[in-house]
Each structure stands twice: as structure tokens, then as C-alpha cells.
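All remarks here apply to the structure that follows.
Basis for what follows: all heavy atoms, side chains included, without hydrogens, waters or symmetry-related copies. Residue numbers begin at 1 in each chain, while the letters A, B, ... track the order of the sequences. Since we're looking at a predicted model, the values are computed, not measured.
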2 protein chains.
Amino acid sequence: MEPQINEINSYLVSIFNDVLMIEERTLQTSQFKDVSIKEMHTIDAIGMYQEHTTSEVAKKLGITVGTLTVSVNNLVRKDYVNRVRSETDRRVVKLALTKKGRLLYRLHDKFHRDMVRETIREMSEAEAELLMKGLVNLHGFLERTKEQLPE
Amino acid sequence: MEPQINEINSYLVSIFNDVLMIEERTLQTSQFKDVSIKEMHTIDAIGMYQEHTTSEVAKKLGITVGTLTVSVNNLVRKDYVNRVRSETDRRVVKLALTKKGRLLYRLHDKFHRDMVRETIREMSEAEAELLMKGLVNLHGFLERTKEQLPE
DNA sequence: TCAAACAGTTTGATAATCAAACAAAAATAA
DNA sequence: TTATTTTTGTTTGATTATCAAACTGTTTGA
């Protein structure tokens, strides 16, 4: 039992580091050199489809609104994000991607989809379903752990 | 097929974010409040057992030696890491954990093992095998991708 | 109407990061 | 041997990431 735990653990750690590193490197050698991996994740959290408020995006990313404001300042300057004050509640800021932002979003999304597609390439439909179940378990455990976290 | 890819992808992303967030939060509410999650990973990369040079650790972490030097300065100041000049080659610096560093290393390692153990506890043998198979595929894909990366 | 609550912004401090300039030591070439 | 090049690590300057706390403007509710 223990060796399996160690093995799964080292694969998870290694995968984690690789994904981050590859994403970073891919960005830096693309036409989007001026975007860091953190900014990429902010763009991802803002998303293509609905408008999201600053608070919503900050919560999704697990950072404070202050941090997000600073980051969005840079992304607006670099023309990836638009800020729009809500008409119905003038305190609220809605964030949306620019054309350039949406292009980058799609590129990043493609990387992720390719990655997963390759992962399940050699699996049958049923096996992929079971992998999915494993991920659901892991996710469930983490969500429960999160709730038990102090404050 | 496509919807499954999307679903697996969002679970992976969510799992990654949760692990990072839980690690960070766990550290900040422990006796090791003065260590950030990045510093924790540096301590992990230095490791318990062999001595490693600055270059080796930087490579393992995927950061420049300059960045690591700065980080190690802080970890030495906070008494988690020792710097030792090599006797045989006076250019080389060997990094090693202090007693406090080793204590923290073990704590972090335990968190990881508990996480995996808890995750596969609820799974059947077959499910755990398939999770493992999925991870191996994913890891293989990432290693191949890394090799194709420019320089 | 006016105080409290809310949504974001700004600021000051610190950490993380890189590239480039630098210093010291070792290896290689002359 | 001496000079040059390469290697290992440090320092520095710039930018980003982050938080907490102070702040601004807006809305809500007493």
C-alpha cells in the first residue's frame, strides 16, 4: 500500500511542476510574451462567456480583490481585459476579455485539452470513466479538507 | 468525447488549485508561519538525504540560480537551510537542511502522503490502478512536450 | 437622511522572478 | 607557466504577485 502512495504522490508532484513549467515556457516563446502564467490564469478565470465582477474572479482565483485590481490594471494596459462599470450598481466592475484576450484564452484552452486528450488516448471509454471517478474522489477529499481549514 | 475532456480538464485544474491553496493555508496556520509555499517547495527540492548544489536545485525547481540565491538567503536567515562551500571545488555551494528544515520537510511530506492515502482509501483496487494509469499517461505526455520545448 | 455595509482602488511592504553585470575559481589553451 | 575561457554562484534593477489596511464612491436600511 505505501509504495503505491509514494508513487502516486511523486507523479502528482511531477505533473504539477511540469504543467506549470510548460505553460510558462510556451507563453514566453509565443506571440504573448508579455503575459505571465499568473496573468494567464487570471485571463482564464475571467473567461470567454459571461461577464464576471472583480469579487467573483478574485474568489475564483483565491486572491484578494486588491491583488486582482493591480493585475487587471496591467492586463488592461496590455489590452487583454476590459473593465466596465455596471449600469445597475455603479460600485460593481465587470471584467471581460478583449479580442486579443479571447485569442489567448483559446490558445491556452487548446493546450489543456490536448493534454487531457493525450492522457486518455490509450484508454477505453470505460477506463476513462474510471479515471474520472478517481479524480472526482480526489476532488471531493480536497473540498472537504478545504472546509475544515481554519477560517 | 469532447465533453469528457472538458470535465477531466476542469477537475485537474480544480485539484491543482486546491492542493496549492490547502498547502499554503496549512503552512500559515502552523508553527512555520514564516515559510511561503514557494519556500516550502525549495526546502522540498533541497531534500533530506543528499547534499545538492545551487545549480542542481535551481534546475529541479525550474528557476534561475539568481532567484534561488535570493530565496536561500532568506531560508538561511530563518534557519531552515545551511550553505556549505565545497572543499574540492571552491566555486560550488552545497545546500542542506538544518534540523528545523528537516522537521518541516517531514511535516510537508506527511501532508502529501495523507492526501493520497485518503484519496485512494475510498477507491477499489481497480480504480486506484486506473488513476495511476491515467497519471502515468499524463506524465509521459508532459515529458515528451517538455523535450519539444524550444531551448 | 444618515450611518453602515459593500465593491473596488490605492498604497506600502515583502517575496518571487528574470536578465544582465559581476566576482571568484577551475579548466583549457597558448 | 601564463593567459583566456568556462563555470558557479552572487548582486542588482526591473517587474509582477501578494496582502493588509486605508481610502473612495455607491447603495441599503434604520
Side-chain angles (χ1 to χ4, degrees), chain A residues 17 20-21 23-25 27-29 32-46 51-78 80-96 151, chain B residues 17 20-21 23-25 27-29 32-46 51-78 80-96 151:
Chain A
N17 292 334
L20 270 188
M21 200 266 265
E23 285 190 338
E24 178 85 69
R25 204 67 64 87
L27 271 177
Q28 291 317 307
T29 55
F32 303 106
K33 289 188 221 313
D34 60 346
V35 178
S36 75
I37 186 67
K38 296 276 183 180
E39 289 176 323
M40 183 65 249
H41 290 149
T42 301
I43 287 170
D44 191 71
I46 291 172
E51 291 184 321
H52 294 286
T53 69
T54 300
S55 299
E56 285 166 357
V57 174
K59 187 172 180 192
K60 193 166 171 187
L61 290 169
I63 58 179
T64 64
V65 261
T67 300
L68 184 57
T69 294
V70 174
S71 177
V72 167
N73 287 346
N74 291 327
L75 288 171
V76 167
R77 182 173 45 76
K78 295 190 267 191
Y80 290 95
V81 173
N82 282 327
R83 253 194 193 106
V84 186
R85 280 271 164 198
S86 160
E87 280 308 312
T88 57
D89 183 341
R90 308 259 322 127
R91 291 171 302 180
V92 170
V93 169
K94 290 182 178 169
L95 301 175
E151 133 251 30
Chain B
N17 291 336
L20 263 193
M21 202 264 264
E23 285 191 338
E24 177 86 66
R25 204 66 65 88
L27 270 178
Q28 291 316 307
T29 55
F32 302 106
K33 288 189 222 316
D34 61 346
V35 178
S36 75
I37 185 68
K38 296 275 184 180
E39 289 176 323
M40 182 66 249
H41 289 151
T42 301
I43 287 170
D44 192 70
I46 291 172
E51 291 184 320
H52 292 286
T53 69
T54 301
S55 298
E56 284 166 358
V57 174
K59 188 174 180 191
K60 193 166 172 186
L61 289 169
I63 60 180
T64 63
V65 261
T67 300
L68 184 57
T69 294
V70 173
S71 177
V72 167
N73 287 344
N74 292 325
L75 288 171
V76 167
R77 182 172 46 74
K78 295 190 266 189
Y80 290 96
V81 173
N82 282 326
R83 254 196 193 105
V84 185
R85 279 273 164 196
S86 161
E87 280 308 310
T88 57
D89 183 341
R90 312 261 318 129
R91 290 169 304 180
V92 170
V93 169
K94 290 183 177 169
L95 300 176
E151 131 253 28

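B:Arg83 has a side-chain polar atom (N or O) that falls below the 4.0 Å cut-off from OP1 or OP2 of D:dT10. Using a 4.0 Å cut-off, no side-chain N or O of A:Asn73 falls inside it from OP1 or OP2 of D:dT16.
For A:His52 and C:dG8, the NE2 to P distance is 13 Å, given to the nearest whole Å. One can place CG of A:Asp34 at 17 Å from P of C:dC18, the figure rounded to the nearest angstrom.
Nucleic acid contact for B:Thr54: sugar-phosphate only, since backbone atoms but no base atoms lie under 4.0 Å from a heavy atom of the residue.
Nucleotide D:dA30 forms a Watson-Crick or G-U wobble pair with C:dT1, both donor-acceptor distances falling under 3.5 Å.
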Discussion item. Assess the residue pair A:Arg83 and A:Asn73 against the criterion (side chain to side chain contact (heavy atoms under 4.5 Å, CB included)); give the C-alpha distance rounded to whole Å, side-chain angles, the decisive distance to 0.1 Å, and a yes or no.
Written reply: CA-CA 9 Å; A:Arg83 253 194 193 106; A:Asn73 287 346; 2.8 Å; yes

Using the 3.5 Å cut-off, write out each protein N or O paired with an N or O of nucleotides 14-17 of chain C and the distance between them.
{"residue": "C:dA16", "atom": "OP1", "partner": "B:Ser36", "partner atom": "OG", "Å": "2.4"}
{"residue": "C:dT17", "atom": "OP1", "partner": "B:Lys38", "partner atom": "NZ", "Å": "3.0"}

Any N/O pairs under 3.5 Å between the protein and nucleotides 22-30 of chain D? List them or say none.
{"residue": "D:dT27", "atom": "OP1", "partner": "A:Arg90", "partner atom": "N", "Å": "2.9"}

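Atoms CG and OG1, on A:Asn74 and A:Thr69 in that order, are 11.5 Å from each other to the nearest 0.5 Å.
Within the 3.5 Å criterion, the main-chain N or O of B:Arg91 finds a donor-acceptor partner in the side chain of B:Arg85.
When the salt bridge (Lys or Arg N to Asp or Glu O under 4.0 Å) test is applied to A:Glu39, the partners found at least two apart in sequence or on another chain are A:Lys78.
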